[in-house]
Protein chains: 2
Amino acid sequence: MGKQVYFFGAGKAEGNTKQKDLLGGKGAGLAEMTNLGVPVPPGFTITTEVSVAFMRDKKIPAELHGEVERALAEVEKIVGMKFGDPSAPLLVSVRSGARASMPGMMDTILNLGLNDETVAGLAKRTGNPRFAWDAYRRFVTMYADVVLGIKRDQFEEILDEARREVAREKGVDPRLAHGEELKRTVPDSDLDAVRLERVTNACKALVEKKTGQKFPQDPKAQLWGAIEAVFHSWMNPRAVTYRKIHDIPEAWGTACNIQAMVFGNMGDTSATGVAFTRDPSTGEPKLLGEWLPNAQGEDVVAGIRTPRKIGVTGRTTVDAESLEVAMPALYKEFLDVAERLEKHFNDMQDLEFTIQEGKLYLLQCRAGKRSGKAAVRIAVEMVKAKRLSTDEALLRVDAESLNQLLHPVLDPEVVKRSNPIARGLNASPGAAVGAIVFTADEAERRAGRGEDVILVRTETSPEDIHGMKAAKGILTARGGLTSHAAVVARGMGIPCVAGTSALAVDEHKKLVRVAVTGEDGRSVEHVLLREGEMLSLDGGTGAVYRGSLPLKPADLSSDYAELMGWADARRTLKVRTNGDTPKDARTARNYGAEGIGLCRTEHMFFGDDRINAMREVILAQNREERGVGLTKLLPYQREDFEGIFREMRGLPVTIRLLDPPLHEFLPHSAEQIEHVAKASGLSAAHIARRSEELYESNPMLGHRGCRLAITYPEIYAMQVRAILEAALTVSGEGVDVRPEIMIPLALSKKELDLCKEIVDATAKEVFGAAGKSVPFMYGTMIELPRAALRAGELAEVAEFFSFGTNDLTQTTLGISRDDADKSFLPVYVAQGILAKSPFTALDQEGVGELVAMAKERGRKTRPNLKVGVCGEHGGDPSSIDFFHRVGLDYVSCSPFRVPIARLAAAQAAIRAGGITGGSGTA
Amino acid sequence: MGKQVYFFGAGKAEGNTKQKDLLGGKGAGLAEMTNLGVPVPPGFTITTEVSVAFMRDKKIPAELHGEVERALAEVEKIVGMKFGDPSAPLLVSVRSGARASMPGMMDTILNLGLNDETVAGLAKRTGNPRFAWDAYRRFVTMYADVVLGIKRDQFEEILDEARREVAREKGVDPRLAHGEELKRTVPDSDLDAVRLERVTNACKALVEKKTGQKFPQDPKAQLWGAIEAVFHSWMNPRAVTYRKIHDIPEAWGTACNIQAMVFGNMGDTSATGVAFTRDPSTGEPKLLGEWLPNAQGEDVVAGIRTPRKIGVTGRTTVDAESLEVAMPALYKEFLDVAERLEKHFNDMQDLEFTIQEGKLYLLQCRAGKRSGKAAVRIAVEMVKAKRLSTDEALLRVDAESLNQLLHPVLDPEVVKRSNPIARGLNASPGAAVGAIVFTADEAERRAGRGEDVILVRTETSPEDIHGMKAAKGILTARGGLTSHAAVVARGMGIPCVAGTSALAVDEHKKLVRVAVTGEDGRSVEHVLLREGEMLSLDGGTGAVYRGSLPLKPADLSSDYAELMGWADARRTLKVRTNGDTPKDARTARNYGAEGIGLCRTEHMFFGDDRINAMREVILAQNREERGVGLTKLLPYQREDFEGIFREMRGLPVTIRLLDPPLHEFLPHSAEQIEHVAKASGLSAAHIARRSEELYESNPMLGHRGCRLAITYPEIYAMQVRAILEAALTVSGEGVDVRPEIMIPLALSKKELDLCKEIVDATAKEVFGAAGKSVPFMYGTMIELPRAALRAGELAEVAEFFSFGTNDLTQTTLGISRDDADKSFLPVYVAQGILAKSPFTALDQEGVGELVAMAKERGRKTRPNLKVGVCGEHGGDPSSIDFFHRVGLDYVSCSPFRVPIARLAAAQAAIRAGGITGGSGTA
């Protein structure tokens, strides 16, 4: 390990923005801002390497002490105050800051350096004893919580008790004042210095009672306690969960930033705020932010006080509360800094600032989190402004975030006729319809059952993440655009309406009271909504509707079209879709699919007439009886294929022959069996017996896929006939038809030989009878480890491979997806045994090796072998990156994920090949 | 392709015994015998390469015609007769002959060359018109059956009609005479030349009616038809099945032998017979054979006439029917030839001979099939006689055949007190107890359900093979030691009693009538046995008992001990056993096991008290409740381990921690649930709910193995405690204890890390409390493809690997063993998609590659990594050969297969390293 501490301050810093890995995002930003001459309080950053060593060795490296001492002395020199000096006490903040932003996940301590002596010094120096004691009280509370592990609510209770005293003095019955109401009745400003001193002493007494030791008075001891706590917080459960969701490796560790405190709560010339250089929802290029006068930073993001807008530019009415109007000079200074920083980083910035007694300080700058829509707009505008190359712009957009653009919106026609029951902030775009739930656990439970839910909370906290992830939409009563709910929802691409003040949420009674303003604009009616009731919300407008409103597909912007054009030009991996119907085909083609990678024929058997014919096939006693049922299925299949071929004219259509075990088509309950018996004229006993015969203890590893063709060749023969007859018909209409017949679950060349005999014999018959033919390809899925190992042989027969990575994952890892999701798999992901569910992101080390091996062996036999992927991983960006590197020809995914795959494929090509025409500044 | 035809005759042959691959076993034997000066009718062999070309091109290679013509001319010259010459017609046999013996599986045609003209010539030349027409009739029937595909029974009916005529003439009511009874009433000898001519003409007319063409009269056309039929017969379903069972590759093809006919049915100076140079059941060195005067070869093996013994030497009574007494000079000549041949080949010979009018001809010699007991005795005696090296001797014994020596026998004490219900020939050694079945299909069905069955047949045919394989024992009413039943049963190592003439089997009525001789030795009582009744038989003595007699372990000979000593000295692969109890451990140690490779701890949970404690663990609501159940289980486990450690003193014991999914331990039916509810004091609803919670759609890929330890670490902790406490106790008794703790179903290093934490923490506690410790190893099973791929990483933690090839096969091939065995797997094996069930013989191409890869990657990380196999493949000779070649350290198999594995391991070492001290003659 090299240098462990990087100093910044007084216009020069030892680090810079390129050292994010070492200094974390926050530390690198502070260093870069300092070097740019932006006003930043001085401080220093302890590197991520120290945190990694701390996790490993469970102790602080010895050399760190000297380096911290030296850096602290520098800070003292610059600010002219001394750590622990009662006459001019230096106070510092101690904050975590990892390579990637993890908002609210780790711990922060402010006002460190205060003790019974320095608090007096601070009071004297600022001439504001109330401010000093408030700062000390906050510090004791935070330190006790973060470093000493004493729950915050016990300190809040001490504070509430003081409020109740004031209330009593005011003549208000304190029994009527609870929680928020008490805070409103007795705002913090009603607590004077004397009372705050008493509160602080009570807090210290609580610490002593809980820990058996006095609250630490030595500022150095406080500092080292805080540093260790920040390092520990990297491993807290919230942070671990957040990293899993966002693919952040544990091994990165976090940096720790120690910085001289500045105060936004030193009176009316002080303030604090946060801002984005562009609108994070739409990408519109204007400064957007929130601030509070006389407040500390946490007050803005915590959602306790409703923050004010920063600017008024472009608005029709002047907002007296805006920073622009309240402090015009400082507003202008901040605007200049913001513009400089955006230009410098060539990216939308997320800034934190504090104004202390009329002087502006920047406390943080980082690339701002943004919605998919904003990401696209910003990326395209930056290219047009020649600030980014197209490659850079493509990398700037999180492929997964396109999901938001592609999400359906509430049907505008219906919206026009509907009155929202409430309006909140448009915190994360997209529309959502679902049943109301009040807890994260309930959200997860219902979503696990396939229900769409809207999570309704007063405000969200990091403990709610699993429920937020499971919900279709999030609705909060409090908090702004930078509240926890808003930031996390945007990151996850989940629609969110925040700060909907008309709501009063009671999660214990499981109901929410909505204050609905009457048509006269004054009268208020209260509507009660209970758990399970349906709600619709529009995260783009902030409107909330009672009941289920119809959804319509999204309208994609021209920026989107432009970006996707660049992506298509850049990528080499083709993108197909998985689709079983002409409608799927049309949707996917509109989204840019270049063919169908997987058409699952069995889905065609589930229609009402069809399922009966299919059951006839399965219940047949012999081949002739089976033939009767198959003859009934033939026209249905043919018709489906004709529709698909027409939609996909000129593009390949890969059709997988029957795959699932036959008993999936049979009825199982006594009732259903009786029903089928009546419909089919067969005895219920026969049906039950056949169903029992077909029962398998592990159907996933059972009699399915091409194994069905070996035992019942006539089924595949019917399907091939339907495909080829449909192809002849549509081809006869002058349409370019490109069928690819795909054999599932092969494990040996011999199976492919036998199935090929069926295909060839049927083709000979069909083409012979028609007197003409259409070209088609013959290939197989690779979904068993043995198929991957024997790929060289399989490619002797198969003209193409398509990796069925879902089943290949199940067999390679020995994990049954459906079972595991409800039992051990979540635990495996939580414990880091698997970084992510292997059914979401390809297990590159295991399954990936088989994919690479199969592709290599297949191509060795047949150099022009076409190789693609049709598992769900075909729509996952990290998996697509892998498939590109391995050199596959295409991925195939669900229609709505086609644009994501197109962008991810372009990003993969750029990453693998290097950025072309880079601006060099990013 | 080179030379296609190899001639032999008049003391010199173009081929020799080393050319078995090219000439087949029969052809090579005929060539070698000719070269040795043994009397062999002249002929020639068409090579196996021609048959391979014929299968590929579907036609006879053009060059073959000339080569056959030339060879045929040579034969004509030697015998002084001409093919198709009415005055001196050459007749030939056309027989298949593959590299490996496949008795009765392929087709043979005799007397070829007869037509309406040559039959007259043959009659004139032999002065025996009856003989000539009988030969012609047989030829027409055989040719029609084999070449023209007309079922034989229609020709039999023509013959029966002639028999009925004779019966009428004799005054017997022909309606009373059917089948066997008719044959006894009118033996073949009652059919004179005139009548046989009429029968022959009727047969020819039938051919014309069926084929629309006259029976072929041109001998050359007959010959080519027969040659093609022989090649075709390589692919008939019987042959295909036989090859699967005996691991004979389809690609070998068959040779075709054309040889001048000699006749054993030319009167009383003619005869035919078969013989072994040693007793194929015991290995005793004496000529053992059967013959029939005035008969063709098929009469002896078909079981229609009961054949006579050849020799009397060593018997107490002189047998007037023996060849030794009937034709002493010829007997002596044959004895000399037999001895010469055995010495020449240094192996026990299986010989076929024919005596034509006082002249001896040898028609076949080959290594004789033998029982395991005989194989061991012969091999050891040949070494003692310095005729074989120990390496050669080891290769001579089919490892699988040791199974027969190790099989239990009927308890001799009980046998002493029991009267057999019948006695037959001791056709294949070993004892069997099971339920009577009358058809192969029923045998297979019941065996599939886990029932032990005895297949009872009048005689067996190749169509019965699947049922013979499924049966524990075979009992036939007819046929000698060389009958189909006897030969096949010996080959398969299944006990068989043949030719039990007291039986009358009626498979339609599903009963067998046994004629039981009374105590007076004269009165006969008839006992009826029905399907499903129990029968016990002793293939070593030929005794058949009604009911179930108790079985006792086999008593191994000193020859066996000697052979196994050589095997142990030669092999490098160690052999351990799979055993879960001290009793298993003792048995296996007696059989030579060098440790326990797999001790399945869950089997210990099924005892009555134990299952209740285990259920407590599973039904517990929290960790504390689980702890209570685990505390009850601890002493049971500890006691079991103590017993095992004592038995295996000085040898390693690999203990697998809990593997199966928990619901395997729970009750499922309402009744069982009620029972457990009473026993446990828990509500039935709770038990049912827990059982439902634990239900998995694919338990094979479910929550099991070390996945249980991740979610319930306390279970493994209890097991590790039991192991280590037991080890301490037994070690304290001065016993050398070597526990190896094995983690099942790992797919990642992280799982091994987490389990190791449990193991290490428990060890620290246990050893700390005891104040002493025992060394132990920590390792894992490799049973998932991902584990094989990530083996390099796993070996960072694991000190040993054990391949769980059962599960590795299930996941690599995506086949659920239990399900597949009843659905598609038999079809896959029958169709050659898989050469053998991959659960019997390792799939070397698929699973084998993963085994090799994992071993290589594991050893790269940890050069001294111990690597073994504990799947069922550890006891399969072909798999053991593979494991030796891959370089594993040991295999582990069930106790009874330990000797098989020891021998197979020695053979693998010899095959891989080359024979040491070979005699050079084999």
Side-chain angles (χ1 to χ4, degrees), chain A residues 661 693-708 710-711 745-751 753-754 783-790 793 807-820 822-825 827-828 831-834 838 843 845-850 853, chain B residues 661 693-708 710-711 745-751 753-754 783-790 793 807-820 822-825 827-828 831-834 838 843 845-850 853:
Chain A
E693 267 171 34
L694 291 174
Y695 168 82
E696 294 180 307
S697 54
N698 294 291
M700 163 67 211
L701 308 176
H703 192 176
R704 47 173 290 236
C706 66
R707 295 166 189 177
L708 294 167
I710 305 299
T711 47
L745 213 74
L747 58 78
S748 69
K749 173 176 175 291
K750 192 85 186 248
E751 289 163 303
D753 287 337
L754 290 169
E783 39 188 348
L784 296 173
R786 191 181 200 274
L789 294 164
R790 306 304 300 162
E793 237 175 54
D807 281 3
L808 190 58
T809 299
Q810 295 199 77
T811 47
T812 304
L813 275 63
I815 297 180
S816 168
R817 179 177 193 172
D818 295 336
D819 297 327
K822 64 172 191 179
S823 61
F824 64 91
L825 196 52
V827 181
Y828 264 50
Q831 296 213 10
I833 295 169
L834 296 166
D843 161 37
E845 292 185 336
V847 178
E849 181 174 358
L850 289 177
M853 183 191 289
Chain B
E693 267 170 34
L694 291 174
Y695 168 82
E696 294 179 306
S697 54
N698 293 290
M700 163 66 212
L701 307 176
H703 193 176
R704 46 174 290 239
C706 66
R707 296 165 189 178
L708 294 168
I710 305 298
T711 47
L745 212 73
L747 56 78
S748 69
K749 170 175 177 291
K750 190 86 185 249
E751 287 163 304
D753 286 337
L754 289 169
E783 38 187 349
L784 296 173
R786 191 181 201 275
L789 293 165
R790 307 303 301 162
E793 238 174 54
D807 281 2
L808 191 58
T809 299
Q810 295 199 78
T811 46
T812 304
L813 275 63
I815 296 180
S816 167
R817 176 173 196 175
D818 295 336
D819 297 326
K822 65 172 192 180
S823 62
F824 65 91
L825 196 53
V827 182
Y828 263 50
Q831 296 212 12
I833 295 170
L834 297 166
D843 162 37
E845 292 185 334
V847 179
E849 180 174 359
L850 288 178
M853 184 190 290

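These figures come from a predicted structure and were not determined experimentally.
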Identify which part of [X] has an atom lying under 4.5 Å from any heavy atom of chain A, answering side chain, backbone, both or neither.
{"X": "I710(B)", "value": "both"}
{"X": "E793(B)", "value": "side chain"}
{"X": "L745(B)", "value": "neither"}
{"X": "L754(B)", "value": "side chain"}
{"X": "E845(B)", "value": "both"}

request  = Output the distance between atom CG (L834(B)) and atom CG (L747(A)), rounded to the nearest 0.5 Å.
outcome  =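 Atom-to-atom, L834(B):CG and L747(A):CG are 6.0 Å apart.
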
Rounded distance [0.5 Å steps], CE in M700(B) versus CE in M700(A) =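 Those atoms lie 11.0 Å apart.
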
inquiry  = My understanding is that only one of D843(A), T809(A), T812(A), T811(A) makes a side-chain hydrogen bond (donor to acceptor under 3.5 Å, both in side chains) with R786(B); could you say which?
reply    =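 Among the candidates, only D843(A) passes.
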
Is there side-chain contact between [X] and [Y], with at least one heavy-atom pair below 4.5 Å?
{"X": "L701(A)", "Y": "N698(B)", "answer": "no"}
{"X": "V827(A)", "Y": "R707(B)", "answer": "no"}
{"X": "L784(A)", "Y": "I815(B)", "answer": "no"}

Taking every non-hydrogen atom, the tightest pair across F824(A) and G702(B) =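 For F824(A) versus G702(B), the nearest heavy atoms are CE2-O, 3.5 Å.
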
ask   = Shortest non-hydrogen contact from S697(B) to S816(A)?
value =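 Scanning both residues completely, I find the closest heavy atoms to be OG-OG, 4.2 Å.
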
ask   = Taking T711(A), D753(A), L789(A) one by one, which has the highest count of heavy-atom pairs under 4.5 Å against chain B?
value =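 Greatest number of close heavy-atom pairs with chain B: L789(A).
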
message = With chain A as the partner, which of E751(B), K749(B), M853(B), Q810(B) has the greatest number of non-hydrogen pairs under 4.5 Å?
response =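 The residue among E751(B), K749(B), M853(B), Q810(B) with the greatest pair count is E751(B).
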
inquiry  = Among V847(B), L813(B), L850(B), L708(B), which residue has the highest count of heavy-atom pairs closer than 4.5 Å to chain A?
reply    =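 Sorted descending by pairs with chain A, the first entry is L813(B).
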
